[in-house]
Enquirer: 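Can you keep this structure in mind? I'll have questions shortly.
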There are 2 protein chains.
Amino acid sequence: MNDKDRRSMPLFGIGIVMKLTELTARQIRYYEENELIHPERTAGNQRLFSFNDVDRLLEIKNYLDKGLNLAGIKLLLSEEDVKVIPVQEKKQAEISKRELREILKSEISGAGRFGKASLRQGELSRFFVNR
Amino acid sequence: MNDKDRRSMPLFGIGIVMKLTELTARQIRYYEENELIHPERTAGNQRLFSFNDVDRLLEIKNYLDKGLNLAGIKLLLSEEDVKVIPVQEKKQAEISKRELREILKSEISGAGRFGKASLRQGELSRFFVNR
DNA sequence: AAACGGATGTTAGGTTACCTTACATTACAT
DNA sequence: ATGTAATGTAAGGTAACCTAACATCCGTTT
């Protein structure tokens, strides 16, 4: 089992995730409803979150603190996802859109007063050998 | 927050621990009853396990597979605990006992056919930066 | 100002997961 | 054969979680 597997293992119930992220259950479920996260489910339909999910929630929280709305955050996060995909044919229109998002993202990520989160975004990844 | 804290954070419900260790709930509770592990509890009295707890359970399972009984395992594990304590005055009798255990332990640890555990003992620690 | 929509709170009713306790079983040692 | 350690299983109860619905707060639009 490699780190990638470990990071995506469904481990945490929503209660623990609430503590780790200082988000309410309502918020977490709402973000899932809006497809910002996609936690696994137990056989009995209860959510099980991975380290990746928690990291993602911390990012979401971070961006929300900076005034972004969920639609914008969704764009930013999906942008991160496609970056993982190796080579990919892309239409001209898409490229400019993506570049735009890149700019937006670096702008936003810069100016951050810190919130009251117990875990800074990215800190959770220190659970792992490789980042 | 350092790695030591992370390793002892109460994160997992018993259901997840069952999957991680391939132990039954009955077994896990029994080991707690016999003071081999000491998981935290939620406000509602439900067990919450840390990475350390899971590692410990994997060790327990390992030793059980080798034919040790819980009393022996408890000794071995407590032996590991005291090793963390830095310098410590010790009586003559205790020393020989501990040496005996050391020998026992290295003997046992050697000859291991592998069980059907999904996680080898020690593997879980790879969740962390420092081992 | 009023209406709207996004994000979150709250409540209700139902289900799943977990709790302890007690008794049954299995396997090994005496 | 009896005893004990380790585990299974069942019952009854509680905690944690689920969805759905409605309420609230707040910034934006009309």
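Every chain is numbered from 1, with letters handed out A, B, ... down the list of sequences. When reading the values below, keep in mind they use all heavy atoms of this one structure, side chains included, and skip hydrogens, waters and symmetry mates.
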Enquirer: Check side chain to side chain donor-acceptor pair (under 3.5 Å) between A/Asn34 and all other residues, then give those that pass, not counting sequence neighbours.
Expert: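 With neighbours one apart ignored, the set is empty.
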Enquirer: Mind checking whether A/Leu20 and B/Met9 have side chains closer than 4.5 Å, heavy atoms only?
Expert: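 Yes, close enough: below the 4.5 Å cut-off.
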Enquirer: Going from OG1 on B/Thr21 to CG on B/Asp53, what distance comes out if it is rounded to the nearest 0.5 angstrom?
Expert: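 One finds 11.0 Å between OG1 of B/Thr21 and CG of B/Asp53.
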Enquirer: Between protein and nucleic acid, restricted to nucleotides 24-30 of chain D and to nitrogen or oxygen atoms under 3.5 Å apart, what atom pairs and distances do you find?
Expert:
none

Enquirer: Which parts of residues 26-37 of chain A get close to DNA chain D, meaning a heavy atom less than 4.0 angstrom away?
Expert: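 DNA chain D contact set from residues 26-37 of chain A: A/Arg29.
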Enquirer: Go through DNA chain C in 5' to 3' direction and return only the first and the last nucleotide with some atom under 4.0 Å of chain B's heavy atoms.
Expert: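 Contact span on the strand: C/dC18 to C/dT20.
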Enquirer: Would you say D/dA15 has OP1 or OP2 under 4.0 Å from some side-chain N or O of B/Thr42?
Expert: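 No.
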Enquirer: Would you say B/Arg47 and B/Thr42 make side-chain contact, with heavy atoms under 4.5 Å?
Expert: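 Not touching, per the 4.5 Å side-chain cut-off.
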Enquirer: Would a 4.5 Å heavy-atom cut-off, applied to side chains only, mark A/Lys61 and A/Leu23 as touching?
Expert: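 With C-beta onward as the side chain, the pair touches.
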Enquirer: Round to a whole Å and report the spacing from CZ of A/Phe12 to C1' of D/dC17.
Expert: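 After rounding, the reported distance stands at 17 Å.
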Enquirer: Rounded to whole Å, please give me the gap between CD1 in A/Ile14 and C1' in D/dC18.
Expert: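 Answer to the nearest Å: 9 Å.
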Enquirer: Report yes if the side chains of B/Ile60 and B/Ile37 come closer than 4.5 Å at any heavy-atom pair, otherwise no.
Expert: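 Yes, their side chains come closer than 4.5 Å.
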Enquirer: I want to check something: taking the side chain as every heavy atom from C-beta on, are B/Ile14 and B/Arg29 in contact at a cut-off of under 4.5 Å?
Expert: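 Answer yes - side chains close enough.
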Enquirer: In chain order, what residues pass the side chain to side chain donor-acceptor pair (under 3.5 Å) check against B/Thr24, with sequence neighbours excluded?
Expert: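 With sequence neighbours excluded, B/Thr24 shows a side chain to side chain donor-acceptor pair (under 3.5 Å) to B/Gln27, given in chain and number order.
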Enquirer: I'd like to check the ring pair (Phe, Tyr, Trp, His ring centres under 6.0 Å) partners of A/Phe51; sequence neighbours left out, ordered by chain and number.
Expert: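 Per chain and number, A/Phe51 pairs via ring pair (Phe, Tyr, Trp, His ring centres under 6.0 Å) with A/Phe12, A/Phe127, A/Phe128, B/Phe127.
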Enquirer: What residues form a side chain to side chain contact (heavy atoms under 4.5 Å, CB included) with B/Asp55, not counting sequence neighbours?
Expert: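 Per chain and number, B/Asp55 pairs via side chain to side chain contact (heavy atoms under 4.5 Å, CB included) with B/Arg7, B/Leu58, B/Leu124, B/Ser125.
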Enquirer: Not counting sequence neighbours, which residues clear side chain to side chain donor-acceptor pair (under 3.5 Å) with B/Gln46? List them please.
Expert: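 Counting only residues at least two positions away or on another chain, B/Gln46 forms no side chain to side chain donor-acceptor pair (under 3.5 Å).
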Enquirer: What integer distance in Å separates B/Arg41:CZ from D/dA16:C1'?
Expert: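 It is 15 Å, rounded to the nearest whole Å.
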Enquirer: Determine which pairs satisfy ring pair (Phe, Tyr, Trp, His ring centres under 6.0 Å) with at least one residue from residues 16-37 of chain A, sequence neighbours left out, and list them in order.
Expert: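 Found none.
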Enquirer: Sort and list the pairs that fulfil salt bridge (charged side-chain N to carboxylate O under 4.0 Å, His left out) and have at least one residue in residues 36-46 of chain A, not counting sequence neighbours.
Expert: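 Salt bridge (charged side-chain N to carboxylate O under 4.0 Å, His left out) check on residues 36-46 of chain A returns A/Glu32-A/Arg41.
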Enquirer: Considering only heavy atoms, which members of residues 43-54 of chain A lie under 4.0 Å from some atom of DNA chain D?
Expert: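 Within this stretch, A/Asn45, A/Gln46, A/Arg47 sit under 4.0 Å of the strand.
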